[in-house]
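Note that ligands are numbered from 1 as they come in the structure, with each ligand's atoms numbered from 1 the same way.
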Amino acid sequence: MEKASSISKFYQKSREERLALLTERAFLSEETAKLLFNAKGLSEEVANHLIENQISQFTLPMGVALNFIVDGEECLIPMVTEEPSVIAACSNAARFTRATGGFKTSFPERLQTGQMIFYNLEDFSEGKRLIEQRIDEIKQLAQLAHPSIVARGGGLVDLKAHIIYNEKDQAEYLTVYLFVDVKEAMGANIVNTILEGVTPVIQEWLRAEKLMSILSNYNDRALVSSSCSIPFNQLATKELSGDVVAEKIVKASHYAKLDPYRAVTHNKGMMNGIDAVVMATGNDTRAIEAGIHAYAAKDGRYQGLTNWYIDSKSNCLIGELTLPLLLGSLGGAINALPLAKASQELLQTHDAEILGRIICSVGLAQNFAAIRALVTEGIQKGHMSLHASALAIHAGAVGDEIEAIASQLRLLERMNLKTASDLLTVYRQQNS
Ligand SMILES: CC(C)(COP(=O)([O-])OP(=O)([O-])OC[C@H]1O[C@@H](n2cnc3c(N)ncnc32)[C@H](O)[C@@H]1OP(=O)([O-])[O-])[C@@H](O)C(=O)NCCC(=O)NCCSC(=O)C[C@@](C)(O)CC(=O)[O-]
Ligand SMILES: NC(=O)C1=CN([C@@H]2O[C@H](COP(=O)(O)OP(=O)(O)OC[C@H]3O[C@@H](n4cnc5c(N)ncnc54)[C@H](OP(=O)(O)O)[C@@H]3O)[C@@H](O)[C@H]2O)C=CC1
C-alpha cells in the first residue's frame, strides 16, 4: 500500500486497527507496532536511573497527527500531549496543505551555542581583539577538549567576542560565544565539555576573572524555516468565503505582532504541536521552549512568530515560520526511552536536522488550525467537543460510559463537570 500519511477517519478506528494500518503503510515495523501497543511505561531500572529520588512514573497519551507532507515526504507525526483537540487540529491543518505539496523547509546552519563569561579585564577592547586574532588556536583547544565530535565531522565552527556593557554603559563583561557543529546530538553536554576545556586557557590569555561557561539555549545559529500555501477555495466556510477567511487569518497573524497579550497565546498554540513532538522524540522541551520564546522577543517586543499573508497571483494564503530548533536524534535521554526511538521510526527519520524541519512545520500547522478556528467558528466548537471525553472521565465515567456520556455532552449548548455528572447518574440508573 502506498506510503501516504492521509488516512481518513483514522480516529474512528480502534488502537489496534490504527497500529495495523500504520504497519500496512510501512510507517512501522511489526515489532515496533507491538512495542507501542503493549507499552506500559519504563522498566524499573531505567526509571530509577534516569532521574533522582524516583518514586513513580507519570504517563501521558501518545497519538499521531496525519496528512503531513514535508519536503515532498509523507510523514506521520508522533505527539505526546494531555490536551484534547491538539492532534485533531494538527491533522486537519495538514490536510489543507496537501493540494499544494505540503510544507517546504530550509535549515541553513545548525550550530549549538556556548558562552564563556569573563570580567575584571584590564582592557576590554584589547581582550576582544586578542580573541579575534587567536581563533585558530581556540579551534585547536576545542578539538583537544572533545576529539570525538571532530572525528564525527563536527566541532567548533565559529566564534565571536562581545563586550557586555552594564546599565551605566560601562564595559563589565567580555563574553566569548562558541558555535559548534554537534552532528546528531542536541549537544549541550558536548558544548559544555568543550567550554570547560577551553575556558582556563582563555582566562589566562585575558588575565581576567571567569564568571561561568555554559551552553546557551538561545540557538539563533540553528534557525529552521517552514512554509505552506493554502488555496482560498479550501478556506471557505458556510458563512464566509475563502478569501475573507484568508484575510482574517492574515489579520490574526498581524495582530499577534502588535499585542503581547495575543502574541503569547498565539505562540502557545504553536507550541502545543511543537512540545508534543519534542516530548515524543525524547528531546529537552525546556531548552526548546526557552529558546523559542526568547526568539519571539528578539526585536525588543514579544511577538507572534508565524507570518501569514496573501499571494493574490495564486489566490493562496501563505504561511511561514522561522524558529531556533536544536534537537537531537541521540544523546540525552533519547537512547534510554524506547518510545523515543519508536517515534523516529514513525517519522521515518533518524536525522536530527530533518526532525527540526518537521517540527517547525508542525508548529506552523498547529498555528493555522487555531487561528482559522478562532476567526471562523471559534475555538470552543472543536476543542470542547473533543474535551467531552475528558469531562466524562473527570465525572467518573469508565469503559463504555465515557463515549456514552461524551456523545450526550456534545449535544448540549454548554458542557461542564456538573452536566457530565448528572448525565452519568441518569445513564447508570437507566443501565443498572
Ligand atoms: C477539531 C477540528 C479539527 C474539528 O474540525 P471539523 O471540521 O469539525 O473536523 P472534520 O470532522 O471535518 O474532520 C476534519 C479532519 O480533522 C481531523 N479530525 C477531526 N476530528 C478528529 C478527531 N476526533 N480525532 C482525530 N482527528 C480528527 C481529521 O484529520 C479529519 O479528517 P478526516 O479523518 O475526516 O479525513 C477543528 O475544529 C479544529 O481544528 N479546531 C481547532 C482546535 C485547536 O486548534 N485546538 C488546539 C488546542 S486550543 C489552542 O491551540 C489554544 C489557542 C486556541 O488559544 C491558540 C491560539 O489562541 O492561537
Ligand atoms: N541548558 C540545556 O539545555 C542543558 C541540557 N543538558 C542535557 O544535555 C543532554 C543533551 O546533551 P548532548 O551533548 O546531546 O548529550 P549526550 O552527551 O548524551 O550525547 C552526545 C554524545 O553522543 C555521542 N554520539 C554518538 N554518535 C553521535 C553523532 N552522530 N553525533 C553527535 N554525537 C554522537 C557523542 O559521544 P562520543 O563522541 O564520546 O561517542 C556525543 O558526545 C540532554 O539530556 C539535555 O537535557 C545538559 C545541560 C544543560
Asks: Below 4.5 Å, heavy atoms only, C-beta onward: do Ile135 and Lys139 meet side chain to side chain?
Replies: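 Heavy-atom side-chain distance check passes, below 4.5 Å.
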
Asks: Is there side-chain contact between Asn92 and Arg372, with heavy atoms separated by less than 4.5 Å?
Replies: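 When only atoms from C-beta onward are counted, Arg372 and Asn92 do touch, with a gap below 4.5 Å.
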
Asks: If you take the nearest heavy atom of each of Ala88, Gly63, Ala256, which one is closest to atom 18 (N) of ligand 1?
Replies: Ala88

Asks: For atom 37 (O) of ligand 1, tell me which residue out of Met271, Lys381, Gln12, Glu377 has the closest non-hydrogen atom.
Replies: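 Nearest heavy atom to atom 37 (O) of ligand 1 lies in Glu377.
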
Asks: Pick, from Val191, Leu215, Asn283, Leu50, the option with the minimum heavy-atom distance to atom 2 (C) of ligand 2.
Replies: Leu215

Asks: Which protein heavy atom lies closest to atom 7 (C) of ligand 2, and at what distance to 0.1 Å?
Replies: Ala188 CB, 4.1 Å

Asks: Does a donor on one side chain sit under 3.5 Å from an acceptor on the other, for Thr419 and Asn416?
Replies: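 Note: Thr419 and Asn416 side chains meet the donor-acceptor criterion.
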
Asks: Got Arg25 and Leu76 here, is their nearest side-chain heavy-atom distance under 4.5 Å?
Replies: no

Asks: Is the side chain of Gln344 donor-acceptor paired with the backbone N or O of Ser329 at a distance under 3.5 Å, no angle test?
Replies: yes

Asks: Does Arg221 make a cation-pi contact with Phe179, if we ask for NZ or CZ under 6.0 Å from the ring centre and within 45° of the axis?
Replies: yes

Asks: For atom 29 (O) of ligand 1, what is the nearest protein heavy atom, given as residue, atom name and distance?
Replies: Ser91 CB, 3.5 Å

Asks: Could you check Glu16, Gln12, Glu17 and say which one makes a side chain to side chain donor-acceptor pair (under 3.5 Å) with Ser14?
Replies: Glu17

Asks: What protein heavy atom sits nearest atom 42 (C) of ligand 2, and how far off is it?
Replies: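 Protein heavy atom at minimum distance: Gly332 CA, 3.8 Å.
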
Asks: Under a heavy-atom criterion of less than 4.0 Å, does Asn367 contact ligand 1?
Replies: no

Asks: Decide whether an N or O pair under 3.5 Å exists between Ser8 and ligand 1.
Replies: yes

Asks: For ligand 1, is there an N or O atom under 3.5 Å from any N or O atom of Ser85?
Replies: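 Such a contact does occur with ligand 1.
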
Asks: Is there at least one protein heavy-atom neighbour under 4.0 Å from atom 21 (C) of ligand 2?
Replies: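 Within 4.0 Å: no protein heavy atom nearby.
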
Asks: Give the numbers and elements of all ligand 2 atoms closer than 4.0 Å to a heavy atom of Ala287.
Replies: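 Close to Ala287: 3 (O).
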
Asks: Does any non-hydrogen side-chain atom of Met270 lie less than 4.5 Å from one of Ile292?
Replies: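 The answer is yes, as the side chains (C-beta and beyond) meet within the 4.5 Å cut-off.
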
Asks: I need the Gln366 CD to Ile77 CD1 distance, nearest 0.5 Å.
Replies: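 If I round to the nearest 0.5 Å, the distance is 10.5 Å.
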
Asks: For the CD atom on Glu377, are there more than 12 heavy atoms of other groups (residues, nucleotides or ligands in this structure) within a distance under 6.0 Å?
Replies: yes

Asks: In terms of atom number and element, which parts of ligand 2 are under 4.0 angstrom from non-hydrogen atoms of His146?
Replies: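 Reading through ligand 2 atom by atom, the close ones are 41 (O).
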
Asks: Given Arg152, Lys183, His350, identify the one with the heavy atom nearest to atom 24 (N) of ligand 2.
Replies: Arg152

Asks: Check Leu386 against ligand 1 and report side chain, backbone, both or neither, counting heavy atoms closer than 4.0 Å.
Replies: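 Within the 4.0 Å criterion, Leu386 contacts ligand 1 through side-chain atoms alone.
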
Asks: Look at atom 44 (C) of ligand 2 and say which protein heavy atom is nearest, naming residue and atom and giving the distance to 0.1 Å.
Replies: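 Ranking protein heavy atoms by distance from atom 44 (C) of ligand 2, first comes Asp284 OD2, 3.6 Å.
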
Asks: Could you tell me which non-hydrogen atom of Ser226 sits nearest to which non-hydrogen atom of Ser361, and how far apart they are?
Replies: OG-OG, 2.8 Å

Asks: Would you call the rings of Phe368 and Trp308 parallel, tilted or perpendicular, taking 30° and 60° as the class edges?
Replies: tilted

Asks: For the residue pair Tyr295 and Tyr218, does the interplanar ring angle fall in the parallel (under 30°), tilted (30 to 60°) or perpendicular (over 60°) class?
Replies: tilted

Asks: Considering only protein heavy atoms, which is closest to atom 31 (C) of ligand 2, and at what distance to one decimal place?
Replies: Val182 O, 3.3 Å

Asks: Is His266 in polar range of ligand 1, meaning some N or O pair under 3.5 Å apart?
Replies: no

Asks: Indicate yes or no: does an N/O atom of Ile190 lie under 3.5 Å from an N/O atom of ligand 2?
Replies: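 In this structure, Ile190 places an N or O atom under 3.5 Å from an N or O of ligand 2.
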
Asks: Taking everything shown except His394 itself, do over 12 heavy atoms lie less than 6.0 Å from its NE2?
Replies: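 Open.
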
Asks: Who's closest to atom 9 (C) of ligand 2 heavy-atom-wise, of Asn189, Ile149, Ile288?
Replies: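 Among Asn189, Ile149, Ile288, the closest heavy atom to atom 9 (C) of ligand 2 belongs to Asn189.
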
Asks: For atom 47 (C) of ligand 2, grab the closest protein heavy atom and report residue, atom and distance to one decimal in Å.
Replies: Asn192 ND2, 3.8 Å

Asks: Do me a favour and list the nearest non-hydrogen protein atom to atom 43 (C) of ligand 1 with residue, atom name and distance?
Replies: Ala89 CB, 3.5 Å

Asks: Write out the residue and atom name of the closest protein heavy atom to atom 6 (P) of ligand 1, then the distance separating them to 0.1 Å.
Replies: Asn92 ND2, 4.7 Å

Asks: Please work out whether any backbone atom (N, CA, C, O) or any side-chain heavy atom from C-beta onward of Leu374 is under 4.0 Å from ligand 1, and answer side chain, backbone, both or neither.
Replies: side chain

Asks: Would Leu321 and Leu305 satisfy side-chain contact (heavy atoms from CB on, under 4.5 Å), going step by step from the backbone distance to the final call?
Replies: CA-CA 6 Å; Leu321 174 60; Leu305 276 167; 3.8 Å; yes

Asks: Can you tell which of Phe96, Tyr11, Phe368, Phe10 gets a heavy atom nearest to atom 24 (N) of ligand 1?
Replies: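 When every heavy atom of Phe96, Tyr11, Phe368, Phe10 is considered, Tyr11 comes closest to atom 24 (N) of ligand 1.
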
Asks: Look up atom CG in Leu326 and atom CG in Leu355, then write down how far apart they are to the nearest 0.5 Å.
Replies: 11.0 Å

Asks: Can you tell if the side chain of Met212 reaches within under 4.5 Å of the side chain of Thr199, non-hydrogen atoms only?
Replies: no

Asks: When you compare the side chain of Ile131 with that of Leu159, does any pair of heavy atoms fall below 4.5 Å?
Replies: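 Side-chain contact under 4.5 Å: yes.
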
Asks: Could you tell me whether ligand 1 has any atom less than 4.0 Å away from a heavy atom of Asn272?
Replies: yes

Asks: Counting heavy atoms only, which of His387, Arg95, Glu83 is nearest atom 47 (C) of ligand 1?
Replies: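 The residue whose heavy atom sits nearest atom 47 (C) of ligand 1 is Glu83.
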
Asks: Side chain, backbone, both or neither: which part of Lys9 has a heavy atom under 4.0 Å from ligand 1?
Replies: both

Asks: Polar-atom distance check: Gly187 versus ligand 2, any N or O pair below 3.5 Å?
Replies: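 N/O-N/O distance below 3.5 Å exists for this pair.
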
Asks: Which residue owns the protein heavy atom closest to atom 48 (S) of ligand 1, what's the atom, and how far is it?
Replies: His383 ND1, 3.6 Å

Asks: Nearest to atom 19 (O) of ligand 2, what protein heavy atom do you find, and at what distance?
Replies: Gly331 CA, 3.4 Å

Asks: With a 4.0 Å cut-off on heavy atoms, does Arg262 reach ligand 1?
Replies: yes

Asks: Checking a contact table here: which protein heavy atom is nearest atom 3 (O) of ligand 2, and how many Å away?
Replies: Asn217 ND2, 2.9 Å

Asks: Got the closest protein heavy atom to atom 10 (C) of ligand 2, with its distance?
Replies: Met186 SD, 3.7 Å

